[in-house]
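In this text the structure is predicted, and so the values were computed from the model without any measurement.
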There are 2 protein chains.
Amino acid sequence: MPDSLQRFKADIFQALAHPTRIAIVEMLRDGELPAGKLIERLGLEQANASQHFSVLRAKQIVVNRKEGNQVFYSLRSPLLVEVLDIMRRYFQAQLTETMAALEEIEKEQGAAR
Amino acid sequence: MPDSLQRFKADIFQALAHPTRIAIVEMLRDGELPAGKLIERLGLEQANASQHFSVLRAKQIVVNRKEGNQVFYSLRSPLLVEVLDIMRRYFQAQLTETMAALEEIEKEQGAAR
DNA sequence: CCATTATATTCGAATAGTCGAATATAATGG
DNA sequence: CCATTATATTCGACTATTCGAATATAATGG
């Protein structure tokens, strides 16, 4: 039933379905960074970070290169950044709706008093 | 560490991290459909479909309304459709890259012969 | 009222994901 | 060579997800 495009999409979404990995991707939007820097800035446990990097590598969301004993990660494509930006708009749209709904409720409660 | 926007994004990505749910969302892009139609067209097991709908409802990706004994589902926002469209571009870009890489390899193997 | 249709929920089994600790591996420098 | 740094992998424990079967609930029509 699922075609390969749908499977691909699901795989990418799965890879992004964790806030830590989103944070990593978002830090990389401005360019390549060493693993150590990502770990430090995001306050991650080293082993756990490595596991998250592994997920991102497996789905080819990031590219890595070695320099000495350091590994540098970068995003493979800027398209993912577009996806995240649309998500921000979606979040804001939802927030706006929720605020409007709350105001409506408060207005009704004010009138009922 | 993760802010609420990142958690939100991760939640939405999680909800989309299954090909069946992507297929459902894609069928809904053209407008509201009854559950039964979705189940029939996608060849889903009823109980499993219901579980997938439940995931989509929980994250407010879909809106549902009842009419008699039928439930109609629709997308809450067109922004998600944009996300899926970017993903298609991403897939195509990856495919193009893979093809190019394969051709490169074949060219090298041809030259090595 | 009862049988049928429509769909949600629960159940249990199996698999997958996530964490931190422990371990392994590679690179560096003294 | 060995200690240190950097990072990947494994382990084990726990949680989450997915499936189909079974069950529950609601609506419909005769």
Side-chain angles (χ1 to χ4, degrees), chain A residues 1-3 6-25 27-28 32-76, chain B residues 1-3 6-25 27-28 32-76:
Chain A
M1 186 234 43
D3 63 35
Q6 282 165 352
R7 261 185 280 111
F8 173 85
K9 287 173 181 176
D11 282 351
I12 301 295
F13 287 133
Q14 181 61 252
L16 295 173
H18 191 289
T20 297
R21 294 200 287 277
I22 289 178
I24 289 168
V25 167
M27 286 216 73
L28 294 176
E32 186 183 70
L33 282 171
K37 211 73 194 178
L38 285 161
I39 288 167
E40 185 191 312
R41 289 204 198 156
L42 296 173
L44 306 175
E45 219 283 319
Q46 181 273 316
N48 187 240
S50 255
Q51 284 174 71
H52 286 303
F53 296 145
S54 177
V55 171
L56 295 172
R57 281 196 315 270
K59 298 305 175 187
Q60 295 173 37
I61 287 172
V62 294
V63 176
N64 60 304
R65 67 176 182 91
K66 271 210 186 169
E67 203 172 289
N69 64 2
Q70 296 203 301
V71 179
F72 288 77
Y73 284 97
S74 57
L75 290 186
R76 194 168 178 209
Chain B
M1 183 231 46
D3 62 35
Q6 282 165 353
R7 264 186 278 108
F8 173 85
K9 287 173 180 174
D11 283 350
I12 301 294
F13 287 133
Q14 180 65 251
L16 296 172
H18 191 287
T20 298
R21 295 200 288 276
I22 290 178
I24 290 168
V25 166
M27 286 215 72
L28 293 176
E32 186 183 71
L33 281 170
K37 212 72 194 181
L38 285 160
I39 287 167
E40 186 191 310
R41 289 203 196 156
L42 295 173
L44 305 175
E45 222 281 319
Q46 184 271 319
N48 188 239
S50 253
Q51 285 172 69
H52 287 303
F53 296 144
S54 177
V55 171
L56 295 172
R57 281 196 314 269
K59 299 302 173 188
Q60 295 174 42
I61 287 173
V62 293
V63 175
N64 60 303
R65 67 175 184 95
K66 272 206 182 174
E67 202 175 290
N69 64 4
Q70 295 204 304
V71 179
F72 288 77
Y73 285 96
S74 57
L75 291 186
R76 194 166 177 209

Taking the side chain as every heavy atom from C-beta outward, state whether R41(A) and L33(A) have any atom pair closer than 4.5 Å.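 Sidechains of L33(A) and R41(A): in contact.
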Less than 4.5 Å apart, any side-chain heavy atom of Y73(A) and any of I24(A)?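 With C-beta onward as the side chain, the pair stays apart.
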On a heavy-atom basis, which atom in [X] and which in [Y] lie closest, and how many Å separate them?
X	Y	answer
K59(A)	I12(A)	O-CD1, 4.0 Å
A10(A)	I22(B)	N-CD1, 3.3 Å
V62(B)	R57(B)	CG2-N, 3.7 Å

Using a cut-off of 4.0 Å between protein heavy atoms and nucleotide atoms, how would you tag nucleotides 16-30 of chain C 5' to 3' with B, S and -? --SBBBB---SSS--
Tell me the interatomic distance from [X], atom [atom1], to [N], atom [atom2], rounded to whole angstroms.
X	N	atom1	atom2	value
L38(A)	dA8(D)	CG	C1'	15 Å
I39(A)	dT7(D)	CD1	C1'	7 Å
K59(B)	dA16(D)	NZ	P	11 Å
L42(B)	dT7(C)	CG	P	14 Å
L56(B)	dT9(C)	CG	P	13 Å
K37(A)	dT7(D)	NZ	C1'	16 Å
L33(A)	dA6(D)	CG	P	15 Å

Take V25(A) and L56(A) through the test side chain to side chain contact (heavy atoms under 4.5 Å, CB included) and record every step on the way to the result. CA-CA 9 Å; V25(A) 167; L56(A) 295 172; 4.2 Å; yes
At 4.0 Å (heavy atoms only), tell me whether F72(A) reaches a base, stays on the sugar-phosphate, or touches nothing.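 Contact class for F72(A): none.
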Looking at R65(A), does any N or O in its side chain come under 4.0 Å of the phosphate oxygens OP1/OP2 on dT7(D)?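 R65(A) to dT7(D) OP1/OP2: no side-chain N or O under 4.0 Å.
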Indicate whether OP1 or OP2 belonging to dA8(C) is found under 4.0 Å from a side-chain N or O atom of Y73(B).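 Checking Y73(B) against dA8(C): at least one side-chain N or O falls below 4.0 Å of OP1 or OP2.
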Without swapping roles, check the side chain of R21(B) against the backbone of A15(B) for a donor-acceptor pair under 3.5 Å.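 Such a contact is found between R21(B) side chain and A15(B) backbone.
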Going by the side-chain hydrogen bond (donor to acceptor under 3.5 Å, both in side chains) test, name the single residue among Q51(A), H52(A), Q46(A), E45(A) that passes it with N48(A).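 Among Q51(A), H52(A), Q46(A), E45(A), the one meeting side-chain hydrogen bond (donor to acceptor under 3.5 Å, both in side chains) with N48(A) is H52(A).
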With pairs defined as Watson-Crick or G-U wobble and both distances under 3.5 angstrom, please note down DNA chain C as a dot-bracket string, | for pairing with another strand. ||||||||||||||||||||||||||||||
Could you walk me through whether F53(A) and L38(A) pass side chain to side chain contact (heavy atoms under 4.5 Å, CB included), step by step? CA-CA 10 Å; F53(A) 296 145; L38(A) 285 161; 3.8 Å; yes
